[in-house]
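None of the values given here were measured: they were computed from a predicted structure. Numbers restart at 1 for each chain; the letters A, B, ... are given by sequence-line order, proteins then strands.
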Amino acid sequence: MELLGSLNPPQREAAEHVDGPLLILAGAGSGKTRVITHRVAHLVIDRGVHPEQILAVTFTNKAAGEMRERVDELLKEHGAPEASAGVTISTFHSLGARLLRRHADQVGLTWSFNIYDDGDQAKLIRELMDRAGMDRDRSHARRLRGFIERMKNRGAPPDRAHESAFNSEDEENAYFYEDYQKALRRSNCVDFGDLIMAPLELFRANPALAAMYSRQWRYIMVDEFQDTNPAQYELLAHLTSEYHNLAVVGDDDQAIYRWRGATVANILGFEGEFPKARVVKLEQNYRSTQVILDAADDVIRHNPSRRAKKLWTDQEGGDPIKVFTASDDREEAQYVADTIRTKLSAREVEADDVAIFYRTNAQGRLFEEQLRYAGIDYEIVGGMSFYQRAEIKDVLAYLKIALNPVNEVDILRVINTPSRSVGDATAQKLSEGARVRGIETLFGAIRFVTGADMTFEGELELIEPSPRTSDEDDALIALDKIGGAQTTGLRDFHDTIQSLRDDLMHYDSLAEIMRQFIERLNYFDYLDSKFEAESEDKKRNVSELVNAIEEFERDWQQDATEGVFKGADLLAESASALSGAVAVYKLRAFLDQSALIQAGSKSETEEDADLLGGRVTLMTVHGSKGLEFDTVFMVGMEDEVFPSIRDKTDPEEEHEERRLAYVAITRAKRHLFVTNAKRRRVYGQFKDTSPSRFLLDVDPSRWVIDPKSTSRDLDWRPKRRTPKAKPLTDEDRYFSDGGPDYSFDQSGAAPDQAAATEWDEFAQVAPSEQGWSSGGGHDQEEEASGGDLADKTVTHTRFGVGRVEAVSGVGDKAVVTVRFAGAGRKKIMRRFLKVLG
DNA sequence: CCCTGCAATGTTTTT
DNA sequence: CATTGCAGGG
């Protein structure tokens, strides 16, 4: 069968495109992964492109894994089974990590650098704040982290941060950022942001190297392009500098990572950047029913600045969305669990095909509880990662130190775990001592105290004899004063690391080395003594870590020979003594993977792995992007939960929440349930809620209320909303709209063709009633009311559900004042309203 | 120097 | 409501 035969015309056009920039605007469910994978196969099979010349970049490991699988399949099917391994398919961050491994020496790192996760990063920031004598203020620490992240997302190293500082706060932040970068490099470590920024700096300083890679990867594809940040964009620019064969796929309506520095400008401005770019729109949706797509459109159409695009499907109609309002959050979870139970028993759907989406991870607990109670197998994706658990981080810390002995954050983490009588006071003295010339590192300080004479490879060795300052003298005196018990403890720590390094050099089985190490450390005894009830869990987690390593070792061989990086890592390190050992490679690869993969915590029922029908999936809406399920429960649909708006002065926040809701809705293939609760526990106390404005935006013809619901309408908001609170936001919401009550014209979705404010709209329908001060007319209106409408609940296609407050005039042309649950008070012509009761 | 008990404080979203 | 940080006794 012909390779591209199964594609529709636009899909085919995109897949057949070979040279030059390509922008694929792919609506939700339009088969974008299909297009990417077919394009890869087409390049290799029909166009004779060498697999090594292809690079596909994604954001998540899940997406990368899926793409790899499907490319594998396609190439196998079409007689090129070997080719798949040559194609590089990677996330941005692991691509960055691999580039850095290869060129570590050019950016102030060594081959053995470690990757700090968020927790490590926060620890380092706190440490540095202490050292700088700054107030230990958590919110300040957060701001500093935010600043550093923002700079790195823009690809701005400290010197650029200094240049762009406009006020004294930015200036101070820039100094801190500079300190932070220095400390990271002293520890031979990088953070997540560095995984993008450091390769970028490498290419900026060395354009010839960038050119080399851009010749190597002649065809580059990027998935979820709307979520790229400026640093990633610039990195791509370097990587495509030679041929400009950049093919990007994305959907501006699914941009949900603005808070992480992503900018939709990258996708919206693509043609500006590449005037010769071919643009292909994929608008046929193969996933959902018309009802679901319409509901999604009801929500997203309120956003300004969208690319014109209209999803369509040939699956007409479909089940209406089912809405359920619970009296509280617990009942909400109960309802979801009951409903799933019923559907599973009736064989309407398999557990595999059901998902629950919530806005924040914390919401997941209640659902977990109720599912367990109902005896339903489930899987939680995301949340507290396995690799973030204390016991796992402890063990990994030792491994990281063994590889990279200058890693200060990890040394401080485990120097007293298990207890070695080395507390904060001693650690403090060691930290100060590490800054004395001639000592240089924490391990230098430990050696000074214990009298050990061994130097670890990988430690900095810049000893420049010069007179010490009095601070340094003080630090040395403090080191001298460290007591006997502490010295013994430090010696134990030193020997522990030493023996772990010895083992890594002499044995090949990483899992075996680990088992012995954990034994030697008496780590299980430590867990028993420190934790009562949880110690069994923790021990099991550690064992699971060893199992994970064992499994990793089994598959490792294939991984190491993948794509263009084949053999390159080995070459780069041949100078190092440690690097001769297989276990060291495996360890380093494992550590990278564990840092880069957000492994979801396993469900309670993981033992029976292949149970029939699988299990229900629980995850945040963010986690759901790129996935699809037959039946979806969108829960917690209340204002302040979803949308969760932190900064009410920033209208962009609501826009992003809207896109998030759009993503959630478009995950559903056939059945969508939307639930909320009238009150919900926040910090242990009940708080009254209001229905989500997004839910109210969905036309009532698309949903029905479950008879079991506590409320028969969506008019249960407890307190009046104050429309004055954010007038700008409201303006924004309506500004871009195609206008009232005629079908949404997609060509009008461009921002400059914005149609009407609410007042303009009113002018269209009833010019004579227009007025900025409606106060005077009130009494008259009420007297002239048609009677039949007074106090009725009505719905409007755009404003949703509201209650009639006043009516003036009669018949279809009557003007009705309605207070909408989601949109405040409006005057609307009678004929645009549907009366509910 | 370590452990226990109390208080404060906080929740987006993820590579 | 949980978790995390901090103060004071052992």
For [X] and [N], give me the distance from atom [atom1] to atom [atom2], rounded to whole Å.
| X | N | atom1 | atom2 | value |
| --- | --- | --- | --- | --- |
| K625(A) | dT13(B) | NZ | P | 16 Å |
| L660(A) | dT14(B) | CG | P | 10 Å |
| E224(A) | dT13(B) | CD | P | 19 Å |
| Q121(A) | dT15(B) | CD | P | 15 Å |
| R98(A) | dT15(B) | CZ | C1' | 16 Å |
| Y387(A) | dT15(B) | OH | C1' | 16 Å |
| Q428(A) | dC1(B) | CD | P | 11 Å |
| D592(A) | dT15(B) | CG | P | 16 Å |

Heavy-atom nearest nucleotide on DNA chain B for G423(A) versus W259(A): which residue maps closer to 5'? G423(A)

Could you check I256(A) against V422(A) and say which one's nearest nucleotide on DNA chain B is further toward the 5' end? V422(A)

Should the pair R260(A) and Y257(A) be classed as cation-pi, given the thresholds of under 6.0 Å to the six-membered ring centre and 45° from the axis? yes

For F493(A), is the NZ or CZ atom of R420(A) found under 6.0 angstrom from the centre of its six-membered ring and inside 45 degrees of the ring axis? no

Among [options], find the nucleotide with the atom closest to the side chain of [X].
| X | options | value |
| --- | --- | --- |
| S419(A) | dT13(B), dT15(B), dC2(B) | dC2(B) |
| R138(A) | dT9(B), dC1(B), dT15(B) | dT9(B) |
| Y257(A) | dT15(B), dC1(B), dT14(B) | dT14(B) |

Any side-chain to backbone donor/acceptor pair from H622(A) onto I256(A)? Under 3.5 Å, distance only. yes

Would you tell me whether Q226(A) and E224(A) have side-chain atoms, one donor and one acceptor, within less than 3.5 Å of each other? yes

Mind checking [X] for me? I need base, sugar-phosphate or nothing, with any heavy atom below 4.0 Å counting as a touch.
| X | result |
| --- | --- |
| N416(A) | sugar-phosphate |
| Q685(A) | nothing |
| A362(A) | base |
| D118(A) | base |
| R142(A) | sugar-phosphate |
| R126(A) | sugar-phosphate |

Less than 4.0 angstrom between a side-chain N/O of S421(A) and OP1 or OP2 of dC2(B), yes or no? no

Tell me whether the side-chain N/O atoms of N61(A) come closer than 4.0 Å to OP1 or OP2 in dT15(B). no

Does a side-chain N-to-carboxylate-O contact under 4.0 Å join [X] and [Y]?
| X | Y | value |
| --- | --- | --- |
| D120(A) | R413(A) | no |
| E653(A) | R659(A) | no |
| D592(A) | R101(A) | yes |

dT13(B) base / R359(A) side chain donor-acceptor hit below 3.5 Å: yes

Chain A on DNA chain C: first and last contacting nucleotide, 5' to 3', under 4.0 Å to a heavy atom? dC1(C) to dC6(C)

Please confirm whether F92(A) and F59(A) have ring centers closer than 6.0 angstrom. yes

